Each structure stands twice: as C-alpha cells, then as structure tokens.
Amino acid sequence: MSRAHHILIVEDEPVTRATLSGYFAAEGYRISEAGDGEALRRAFARGDVDLVLLDINLPGEDGLSLLRDLRRTSEVGVIMVTGKSDAVDRIVALELGADDYVTKPFDTRELLARSKNLLRRTQAARAVTPDAPVKRFDGWALDLDRRSLTDPQGSDVRLTRGEFDLLAALASNAGRVLTRDSLLDHVSHRDWAPNDRTVDVLVGRLRRKIERDAKVPTLIVTVHGVGYLFTGR
Ligand code: CA
C-alpha cells in the first residue's frame, strides 16, 4: 500500500480544526493544520500535500483569494469548506479551480467520502493505464481511463473534476450539439447545486486551457439558445 495521503486543513476556528484533524487522522491520513494564509503557505511549501480542505472565511486573506493564489502554482486537490451557503461563492470557487465544495454544518462522514473520492481521482490521473480509450483533437489527447489531458507538446494539463467530465462528454460526442441540460447531467454532483451558469463557467475554463484563442473558440463552439458543439478540430 502507498504512503498515507497528506491532507492540509485550513481553518481558523480551533475546535472545528481539531475536530476535522482528529477525524481524518483516525482514518489513517497524515494531517497538517493551518489557521490562516501564512500558515497555509508554510505548510504547503514543505511539499507533498495531496489535498487541501480550505475554509473560505479566514482572518486576513480569505479562502477564495488563497485558492486563486494556490492555483497559480499547483493543481493539488482542493475542497472548499465554508459557513456561507451563498451560491455566488460556489460559482466563484468553481471559477477559481476548486474541485469540490461543502457548506457548514457538514457531515464529517460526507466530507471524508468526498475527500476519498477526490484523492482517488487525483491518484488515478497520475497512474498510467495502457490501452485506455483516448480522444484526440488538434494535437491534444484526452485519456478517459487515466482522466488526464495532454497538450500538443506532451505535457499533462490537470483538469478539475467538472472540467474533465464536461470535456469527456463533449469529446465523446464530437460533431453533435449537446444541450446545457444534458451537459449539466454529466457534471452534476449534489453540493454544487449546479445551474446553467455552471456549464458556461466550465466551458470558459476549458476554452482558456485548450483553445488557441479562447475569445475565438474553434473546438468548443457555442450554439446560441441550445448549448455547445465540440468540433474536434
Ligand atoms: Ca472560518
């Protein structure tokens, strides 16, 4: 069995932090704790963090700002944890590249299940599986088994779960118009409370990653009033 996964818990409220820390440690994870942005950076700089549980409401820099900063250098798994049930925060967190989101008060077992799921996915993205079904377009390769995307230069480009699921749906239906509703079915999981905007946000993020010019997309084309079409070229 591989080494224990390392989870960084970023939470300013000591009781909540200790509760989460104790719960995940009892499940066999290695835990680091941070109460603010500075402590997060210190812990992260020591390396080998596999997953960050990031509270949005923190003293000083808030979790969304820290997420933006983290994403400049890292594609580590991030689950946002927050007291706000504000849908705007969910959309912003998604735009900034969060993988998942839970709202307090949350069930620790549910947070554990989501964490396991995300760790499994990020690990699967690293593992090499030969003979996987691979979708190729414009020099890119999307590997559906490894859940990885390789750019024309051969470098891995990490996608969030939502981005991957959306691109997989599009690439598997190249040449067909997919409605927002059907795309939503491919990316939905409970806590995002996804809506039409979710699909548009994810398409925007994907375009910035894979289009030669995101302002003049040629791979993911908007079909006004309906949805999106993946041209595959
Ligand atoms: Ca807090």
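In listed order, ligands and their atoms are each counted from 1. None of these values were measured; they are calculated from a predicted model.
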Check your understanding: Is there side-chain contact between V223 and Y228, with at least one heavy-atom pair below 4.5 Å?
Key -> no
Point to revise | salt bridge (Lys or Arg N to Asp or Glu O under 4.0 Å) pairs, two or more places apart, involving residues 65-77 | key: R41-D69, D69-R72, R71-E75, R71-D99, E75-R158
Review point. Would a 4.5 Å heavy-atom cut-off, applied to side chains only, mark L159 and R147 as touching?
Key: no
**Study point:** Those residues that, when tested against D151, pass side-chain hydrogen bond (donor to acceptor under 3.5 Å, both in side chains) (two or more places apart)
**Key:** none
Point to revise | Sequence-distant partners of D107, side-chain hydrogen bond (donor to acceptor under 3.5 Å, both in side chains), two or more places apart | key: R109
Practice item. Please lay out, stage by stage, how R146 and D156 fare under the test salt bridge (charged side-chain N to carboxylate O under 4.0 Å, His left out). Key: CA-CA 11 Å; R146 282 181 62 211; D156 271 359; 3.5 Å; yes
Review point. Tell me, which protein N/O/S atoms are under 3.0 Å away from the Ca ion (ligand 1)?
Key: D12 OD1, D55 OD2, N57 O
